[in-house]
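Remarks on the structure that follows.
Basis for what follows: all heavy atoms, side chains included, without hydrogens, waters or symmetry-related copies. Chain A is the first sequence line, chain B the second, and so forth, proteins listed ahead of strands; every chain is numbered from 1.
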Amino acid sequence: MLKINHLTKHYKGSNKGVTDINLAIEPGDIYAFIGHNGAGKTTTLKCVVGIHGFDEGEILINGTSIKENPMLCKQQFAYIPDNPDLYEYLTGIQYLNFVADIFEVSAEVRQIRIEKYAEAFGITASLGDLISSYSHGMKQKLALISAMVHEPKLLILDEPFVGLDPKAAVILKDMMRELCENGGAIFFSTHVLDVAEKLCNKVAIIKDGVLIASGNMDEIVKQGESLESIFMEVACDDEAN
Amino acid sequence: MMKQIKTLTKLQLQNLYGLNVFRYTKDKKKKQKAIGLSVVWALLIVMIAGYIGAAVFGYVYLGMEEIVPAYLIMLASMVILAFAIFKAGSVIFQENAYDILCSLPVSQTAIVVSRFLRMYVENLLLTLLVMVPGIVMYGVIVKPTLSFYLIGVVVTVFVPLIPITIATFFGALVTAISSHMKHKSLVSAALSVGLVIAVMAFTGTMSTMEEEFSVEMLQNMSEIVTQAIGDIYPPAIWLSNAMLKGDILIGFLCVLGGLAAFAVTVALISVKFHEICRGLYGTHAKHNYKMEQLKKTTVLGTLYKREMKRYFASSIYVQNTIVGPIMAIIFAVAVLGVGLDTIQQTMEIPIDIAGAVPVLLAGIFGMMTTTCTSISMEGKEWWIVKSLPIRTKDLLDSKLLFGLSLFLPFWFVAVILLIIALRPGVMELIWLVLLSLILIVFSQVFGLTINLKMPVFEWENEVDIVKQSASAAIGGLGGFVVILLCMVPVLLVPAEYSSLVKGALCVVFAVITWILYQKNNKVNLQELDAR
């Protein structure tokens, strides 16, 4: 579903970025992407969704290159950044309608989906208010609903659990599982390692822009270990030393 | 208190003109861009300094040297007032870091004064740009005494204070009134534009009074100009007398009065600061929405609606771009009311401009288009456009369509009024409609082209983009200048070739507009703000 081949991206005038990233996300995968602050998680995600260009490598979404045919790729996924800056001058329902229009979702279908997810997240009553009046968590919920409005096959999420209340976090995890059971895939960055360990079947660990481990969760986290201990071992060895 | 003011002012000035970002950014492209932009600004500064120097030389050459200081002071003050009146409210009550400042043990007065001082420093630079070349040119030719220079330095430092205080007072008043309204941005924009029109009408009345005097005073041009300056802006004369005649007492009283006005304004704003900020940035959530029947709109339609909501959500964006259309209506009403001849005489235009009305009309609209900042206005939400499947053409068409749909109703009314007033023949009617329309479309497309070339997405205050960005300067003024340049052939050719020239202008600008439009549509949105 998503293939990242030899992705290299460096910011101009800086040595920060990512180098030679290789990942493959298959249908049904919930793929966690972990690393310390500034390791290159957001850069990778932004390259995947076409927000950032990249220097080398290729990114394929269902076999289509994001560089060569971004429109076709973007039709197939939804992305939510770590800090969802949404159009504050729109109301919640106007924003959802806007996204549904862009994906050309029919009026009937969007009605059903928005009702379903807004009800689940408990923000139906706030949909008529301006987004500028929303809390961080509410914006996050709205962004999640907008991501689901066209029922994408691939979800790319940057720190999706930040700002969510416990109930919303449970709903999001259920949504993620449901999407993957229906043949979709999720690639998301997180610092909440126990959630990643319980929820995901695959994990990638990035450090200083380089992928240092990736694969099935049960292969990386052996019996009697935890993702946290593995992470501390491989990603924080410098500090430990 | 002084320590707080010093710290907060330092913070305000730290990133003035993006200096701090330039100093610390590791992005070489960003640095190169800033250097390129500095070169453009340096050229502009040299040009303005040259213009000021030449104007002063002209006055001295005509034997009117005694009006030079008053002319310089009034010019600087009026320019400051014109720029500051729209942005003072936004700067004083800027939302940026408001929450953090509220939680810190700093006084409201310190916050207000620091923001005022930021405007003062910005406008002091503008004052220096006017005063220094003017005084130098004056000094080289007239060779005044040392006291002229010494008092000149004090006057230069003082010049920005009065216009900024006036702008701050009215800006705060407009913001305070609109902060209680439901549609804050629209009310604020309407009040600001109304204020500017009132100021223009006031200065217009003053200049009419001067006309009445002028018949008796034709022999003495210096007196006429001095009287005109005195009518419009008396402090210019008082400060000028201090420089020229050593009339220090009146100059001192003027400075004292300015400082007192500043102190009173700051005190008034400080008392109401948090209340106004709460009104502006406090949010009202009804929390009572019930799902309604949703409707599907086309991609272009939904982008257009979003563009419209974005526009009307920003008072500074509305204020900056609605002045042109309103001026066009005022121009048409004036032509209808008093006739083009009277306007020509009043404005002392030596040639017949009747044939250039279509170009003039388009020029007024082209002063500031919505498109020359519409890409930058996406700001921190630009990720949405970049990550959604939106074609470049749809996005840009929505911005163009919105800009045109905003201007064209005003254009239509102005054209109808001008047709009634001028009663043009068939060909002149065709050119009035066609040429002005093509030039307005050109100015919108040109604005978009410039903003695509120099977008800025990382900004803290809308003022930075709408008022101070390179795109606003080049895209807005550039289009305006190009249109005004069209007046040259229109005014110079004999009447029998008028249609030929206007027809040629229509074709040339239609082709240029089409080429720019096609080129814009090929821009890869992913590469804008590429890092």
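Put simply, CE on A/Met71 and CZ on B/Arg391 are 6.5 Å apart, with the number rounded to the nearest 0.5 Å. Separation of atoms CZ (A/Arg113) and CG (B/Leu294) is listed at 12.5 Å; rounding is to 0.5 Å. Taking CD1 from A/Ile102 and OG from B/Ser387, the interatomic distance works out to 10.5 Å, rounded to the nearest 0.5 Å. A distance of 15.5 Å separates OH of A/Tyr95 from NZ of B/Lys309, quoted to the nearest 0.5 Å. Between atom NE2 of residue B/His287 and atom OG1 of residue A/Thr124 there is a gap of 9.0 Å, rounded to the nearest 0.5 Å. The CD atom of A/Glu108 sits 9.5 Å away from the NZ atom of B/Lys296 when rounded to the nearest 0.5 Å.
Looking only at heavy-atom pairs under 4.5 Å with chain B, the residue among A/Val49, A/Leu72, A/Val105 that has the most is A/Val105. Most heavy-atom pairs under 4.5 Å with chain A, from the set B/Lys295, B/Glu381, B/Glu378, B/Lys305: that is B/Glu381. For chain B, the option among A/Leu130, A/Asn83, A/Ile93 with the highest count of heavy-atom pairs below 4.5 Å is A/Ile93. Most heavy-atom pairs under 4.5 Å with chain A, from the set B/Leu388, B/Val385, B/Leu300, B/Ile384: that is B/Ile384. Across A/Ala118, A/Ala78, A/Pro81, A/Pro84, the residue that shares the most heavy-atom pairs under 4.5 angstrom with chain B is A/Pro81. Your options are B/Thr298, B/Leu303, B/Asp394, and the one with the most heavy-atom pairs under 4.5 Å with chain A is B/Leu303.
In the displayed structure, A/Lys3 atom NZ is contacted under 6.0 Å by at most 12 heavy atoms of other residues, nucleotides or ligands. Within 6.0 Å of CD on A/Glu119 lie no more than 12 heavy atoms contributed by other residues, nucleotides or ligands.
Of the atoms belonging to A/Asp101, heavy atoms from both backbone and side chain fall under 4.5 Å from chain B. Both the backbone and the side chain of B/Gln293 have a heavy atom closer than 4.5 Å to some heavy atom of chain A. Only the backbone of A/Ser106 comes within contact range of chain B, with at least one heavy atom under 4.5 Å from a heavy atom of that chain. Contacts of A/Phe54 with chain B are absent, with no heavy-atom separation under 4.5 Å from either backbone or side chain.
For the pair B/Trp382/A/Asp85, no side-chain contact is recorded, criterion being any heavy-atom separation below 4.5 Å from C-beta on. Taking 4.5 Å as the limit, every side-chain heavy atom of B/Trp383 sits out of range of all side-chain heavy atoms of A/Ile80. Under the 4.5 Å side-chain criterion, counting only non-hydrogen atoms from C-beta, B/Thr297 is not in contact with A/Phe98. In this structure the side chain of B/Thr302 never reaches within 4.5 angstrom of the side chain of A/Asn97, judged on heavy atoms. Taking the side chain as every heavy atom from C-beta outward, B/Arg306 and A/Gln94 never approach each other to under 4.5 Å.
Using modelled atom types, no side-chain atom of A/Lys74 and backbone atom of B/Pro389 make a donor-acceptor pair closer than 3.5 Å.
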